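Reading through the structure tokens given below for one structure.
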Amino acid sequence: MSNEIDKAECPFSGHGEELVNVKFFRGRRDDIITVDEIHEQFRSAKMQHRQRTATISKQAPVSDHPVMDMREFVAAL
């Protein structure tokens with residue numbers, strides 16, 4: 001079996017575009033975030049970056065949800 005996955009390039013590289021690290025945070029929502037909402041947030045982030053109007057924070061928002069140990073969560077499935 002090949003180990004090509006470890007060596008795969010970013011699918012967006014080589015197109016002359018600048019790569020931007022974008023993170024999406026759930027905020028206070030508990031419902032399912034739709035694909036359309038993710039696309040709209042991405043479009044908004046892209047436009048803010050291009051227009052240099054993005055508010056850049058050094059710290060991620062803090063969730064009201066309790067901290068969860070993913071090992072325990074997965075083990076309970």
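This one's a predicted model, so the numbers in the text were calculated from it and none came from an experiment.
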*Does one side chain, of Glu40 or Ser44, offer a donor that lies under 3.5 Å from an acceptor on the other?*
no
*asked:* I'd like to check the salt bridge (charged side-chain N to carboxylate O under 4.0 Å, His left out) partners of Asp36; sequence neighbours left out, ordered by chain and number.
replied: none
*For Arg52, which residues count as a side chain to side chain donor-acceptor pair (under 3.5 Å) partner, sequence neighbours excluded?*
none
*Answer yes or no: is there a donor N or O on one side and an acceptor on the other, between the side chain of Glu37 and the main chain of Thr34, under 3.5 Å?*
yes
_Could you measure the distance from the CE atom of Met68 to the CE atom of Met70? Nearest 0.5 Å is fine._
6.5 Å
*If you round to the nearest 0.5 Å, how far is CD of Gln51 from NZ of Lys46?*
12.0 Å
